[in-house]
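Here the structure comes first, spelled out in structure tokens, and everything after it is commentary.
A note on names: the letters A, B, ... follow the listed sequences, proteins ahead of strands, and every chain is numbered from 1.
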Amino acid sequence: MKDELARLLLNWYRQNARSLPWRGHSDPYAIWVSEIMLQQTRVDTVLPYYLRWMRDFPDISTLANASEHAVLLVWEGLGYYNRARCMRRAAQQMMQLHDGKIPADYEQLLKLPGIGPYTAAAIASMAFGLDRAVVDGNVKRVLARILPYTLAVNTPTAESALRHAAQELLPEGNAGDFNQALMELGALVCLPRKPLCDRCPLPSICAAFQQGAQAELPLMKEKKPVPHLVVTAAILRQDDRVLIAKRPARGLLGGLWEFPGGKVKENETHADALARELMEELGVSTQVGNRFGTYRHAYTHFSITLHAYEIISQKKTAKPLHHAELRWVALAELESYPMGKIDRMISRDLVQAELANAA
DNA sequence: AAGACGTGGCA
DNA sequence: TTGCCAAGTCT
């Protein structure tokens, strides 16, 4: 079973592997960058980000010396921004502790920020040829069907069992290709909803296929429904500038810039909520004016409806009571401040409104 | 251990 | 439109 699996899978991979910029060579830096970007993110989404990143930060030394601002700007839109901050810190640690290189050792890789069991195994096998099996969402799904594994796969128990199974199935000396082949099969053929079993190289091995149960696996422990929040944001103006605030380094959208504001509580009007938030966050008393726009956005664990309002008047000077920093910037400068999706939409609409106004 | 942590694509 | 999901890690 083990030899047959490796033979069929690697043969399929040789004919069906997508040509990707981080494949076909074993530059550890390129592999590291791609693996971090690919965490919870599709190849198609990653491609343009990968190319820009490699252009701006072509090696560990450049990344280690780059500002967090520059790193976040290139990362803007990719999500899970802690990944970018961790990469910069990891690059600095590589400069200090590893002679400016990515360590060729699973345990050392694991100690670096942003590198967990999956990424350490991916780099170890793909960049350094070490016999380490990777277990990601693709591998879990493929193995759940092949073995089969009939318990929920998104649990610590399953994680451990499937990691053990994957390591057992790994062909010695060919771990990098085998790992990528298993993930490529999951991404192209062994799909979550409608697996394309007629294109699969493993029908002779797959227990689920032979039982006609491929649509029932893998089993997932159900997730909790996500709450919906109503929030407000302020457009504060001073001459031809608007106020933006840098979020604290940790937590949601850490280190990114936003238009200040916050959650609307029960029995509170938008205007009351926004004035209260601006007092709490900036120490200013304000008069809330017209609504500029309404925006909807879904994060991983909650969704929001955001109402942005123009501020008519403000007393006292705004201070960063909750934020890392405040800055009054011209509309044309907004693009150079990294923002999350919803604040970027507001920012772009402000520039558009200004252009329409001038015309 | 369970929840936090983004975004875009697709049914 | 809504919900689900995609090459996980951190706390």
Whole angstroms only, please: what is the CZ-C1' distance between A/Arg344 and B/dG6? 15 Å
On DNA chain B, compare the nucleotides closest to A/Phe302 and A/Tyr49; which residue's is nearer the 5' end? A/Phe302
Counting only side-chain nitrogens and oxygens, does A/His301 get under 4.0 Å of the OP1 or OP2 atom of B/dC5? yes
Give the table of side-chain donor-acceptor pairs shorter than 3.5 Å for residues 304-312 of chain A, with sequence neighbours excluded, one pair per line with atom names and distance.
unit_1   : atom_1 : unit_2   : atom_2 : d
A/Thr305 : OG1    : A/His228 : NE2    : 2.8
A/Thr305 : OG1    : A/Arg296 : NH1    : 3.4
A/His307 : ND1    : A/Arg291 : NH1    : 2.8
A/His307 : ND1    : A/Thr294 : OG1    : 3.0
A/Tyr309 : OH     : A/His270 : ND1    : 2.8
A/Glu310 : OE1    : A/Arg237 : NE     : 3.1
A/Glu310 : OE2    : A/Arg237 : NH2    : 3.3

Do A/Tyr50 and A/Trp22 pass the ring-ring contact (aromatic ring centres under 6.0 Å, His included) test, and can you show the C-alpha distance, the side-chain angles, and the key distance before you say yes or no? CA-CA 9 Å; A/Tyr50 173 83; A/Trp22 51 85; 5.0 Å; yes
Is the phosphate of C/dA6, meaning OP1 or OP2, less than 4.0 Å from a side-chain N or O of A/Arg141? yes
With no angle test and no hydrogens, is the base of C/dG8 tied to the side chain of A/Tyr118 by a donor-acceptor pair under 3.5 Å? no
With a 4.0 Å cut-off on heavy atoms, is A/Leu78 in touch with a base, just the backbone sugar-phosphate, or nothing at all? base
Check: A/Thr41 side chain, B/dG6 base, donor-acceptor under 3.5 Å: yes
So A/Thr300, base contact, sugar-phosphate only, or nothing? Heavy-atom distance under 4.0 Å. base
Does A/Thr119 place a side-chain N or O at less than 4.0 Å from the phosphate oxygens OP1/OP2 of C/dT9? yes
Answer yes or no: does a side-chain N or O of A/Tyr81 lie under 4.0 Å from OP1 or OP2 of B/dT7? yes
Give a yes or no on whether a salt bridge exists between A/Glu325 and A/Arg327, defined as a side-chain N under 4.0 angstrom from a carboxylate O. yes
Scan A/Pro113 against the nucleic acid and name what it touches under 4.0 Å (heavy atoms): base, sugar-phosphate only, or nothing. sugar-phosphate
Using the ring-ring contact (aromatic ring centres under 6.0 Å, His included) definition, which of the options A/Phe259, A/Trp257, A/Trp328 pairs with A/Tyr337? A/Trp257
Polar atom pairs (N or O), protein with nucleotides 1-4 of chain C, under 3.5 Å:
unit_1 : atom_1 : unit_2   : atom_2 : d
C/dC4  : O2     : A/Arg193 : NH2    : 3.4

Which part of the nucleic acid, if any, lies within contact of A/Ala122, taking any heavy atom under 4.0 Å across all strands shown: a base, the sugar-phosphate backbone alone, or nothing? nothing
Grab the CG-C1' distance between A/Leu38 and C/dG8 for me, whole Å please. 11 Å
Should the pair A/Asp239-A/Arg241 be classified as a salt bridge under the 4.0 Å nitrogen-to-oxygen rule? no
Kindly say whether the aromatic ring centers of A/Tyr299 and A/His301 come within a distance under 6.0 Å. no
Can you check the A/Arg85 CZ to C/dT9 C1' distance for me, whole Å? 13 Å
Can you tell me if A/His297 touches the phosphate of B/dT7, counting only side-chain N or O atoms and a distance under 4.0 Å to OP1 or OP2? yes
Taking atom P in both B/dG6 and C/dT11, compute the distance separating them and give it to the nearest angstrom. 13 Å
